[in-house]
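Written out below as structure tokens is the structure these notes cover.
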Amino acid sequence: VKSNFYGQIGDLYYQMEKMDEAYKAYDEALKYNENNAPVLNNYSYFLTLDKKDLKKATSLYKKAAKLGEDDAMLALGDLAFEEKKYANAVKWYEAAVAADNLEAMLELARLYLEGDGVRKDHKKAKALYVKAAETGDTAAMAELADHYYRGDFAKIDYAKAGGGIHTAHLLNKGAGH
């Protein structure tokens, strides 16, 4: 309970742009529960945003990832990609995809489509885009449709492109967008 309390205090301090107090509260939260995944995730995220201590952020993300936090896995993939450690990025994205992280599906699909750090593999890219679209995310549907339209998966498929865009539009409309 104390760990969660200090974690929430850290979040509040961060929203008030009192970073030093926020980091002290997160440290206090982790004294009470070093495996508090939401605190590990938030603390590491804010350290990364502030570019304050990327080594500590990475360490906290790894701990959160070991606890099953898919957003931490995604972040570790992003950090590895930025450092041009592509094999490591793929490893973390794959772990996040296994936990059904939508953003990781899209990032990994882009890597396979472009061949960034991996061998180009349009089949894997397509499978990941389809999996992301099947979550019901309209942006993922539209992105998949765009790839069909451009012929990124071997040949142009206007029927699938139009159907995907139409479905995404209807879902967005129904959601009040």
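The structure displayed is predicted, hence computed values, not measured ones.
To the nearest 0.5 Å, the span separating CG on Leu67 from CE on Met73 amounts to 9.0 Å. Between atom CD of residue Glu69 and atom OH of residue Tyr61 there is a gap of 11.0 Å, rounded to the nearest 0.5 Å. Asp71 contributes atom CG, which lies 13.0 Å from atom CG of Leu40 (distance to the nearest 0.5 angstrom). Taking OG1 of Thr58 as the start and CG of Asp53 as the end, the distance is 9.0 Å to the nearest 0.5 Å. Taking CG from Asn36 and CG from Asn42, the interatomic distance works out to 9.0 Å, rounded to the nearest 0.5 Å.
Inter-residue side-chain proximity for Tyr23 and Leu47 is flagged as met; some heavy-atom pair is nearer than 4.5 Å. Inter-residue side-chain proximity for His122 and Leu113 is flagged as met; some heavy-atom pair is nearer than 4.5 Å. Residues Phe81 and Glu107 fail the side-chain proximity criterion, which asks for heavy atoms closer than 4.5 Å. Inter-residue side-chain proximity for Lys31 and Lys2 is flagged as unmet; no heavy-atom pair is nearer than 4.5 Å. Residues Leu49 and Tyr14 meet the side-chain proximity criterion, which asks for heavy atoms closer than 4.5 Å. For the pair Glu17/Met19, a side-chain contact is recorded, criterion being any heavy-atom separation below 4.5 Å from C-beta on. A 4.5 Å side-chain heavy-atom check between Asp11 and Phe46 finds at least one atom pair inside the cut-off.
With salt bridges taken as basic N to acidic carboxylate O contacts below 4.0 Å, one links Lys131 and Asp100. Between Lys24 and Glu21 there is no salt bridge, since no side-chain N of the basic residue sits under 4.0 Å from a carboxylate O of the acidic one. Comment: Lys124 does not engage Glu94 in a salt bridge, judged by the lack of any side-chain N to carboxylate O separation of less than 4.0 angstrom. Using a 4.0 Å cut-off between charged nitrogen and carboxylate oxygen, Lys52 and Asp20 count as a salt-bridge pair. Ion pair Asp146/Arg150 flagged as a salt bridge, since at least one NZ, NE, NH1 or NH2 atom sits closer than 4.0 Å to an Asp/Glu carboxylate oxygen.
With ring centers used as reference points, Tyr129 lies under 6.0 Å from His147.
Between Val97 and the options Asp70, Leu128, Leu102, a side chain to side chain contact (heavy atoms under 4.5 Å, CB included) holds for only Leu128.
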Going through the distances and angles, do Leu60 and Tyr45 end up as a side chain to side chain contact (heavy atoms under 4.5 Å, CB included)? CA-CA 9 Å; Leu60 294 171; Tyr45 176 72; over 6 Å; no
Decide yes or no on side chain to side chain contact (heavy atoms under 4.5 Å, CB included) for Leu30 and Tyr6, but give the supporting numbers first. CA-CA 9 Å; Leu30 293 174; Tyr6 281 107; over 6 Å; no
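Residue-environment remark: NZ (Lys91) exceeds the threshold of 12 foreign heavy atoms within 6.0 Å.
A donor atom on one side chain and an acceptor atom on the other are found under 3.5 Å apart for Lys56 and Tyr43. At a cut-off of 3.5 Å, with distance as the only test, no side-chain donor of Asn4 or Tyr32 sits close to an acceptor on the other residue.
One N or O on the side chain of Thr48 and one on the backbone of Ser44 form a donor-acceptor pair closer than 3.5 Å.
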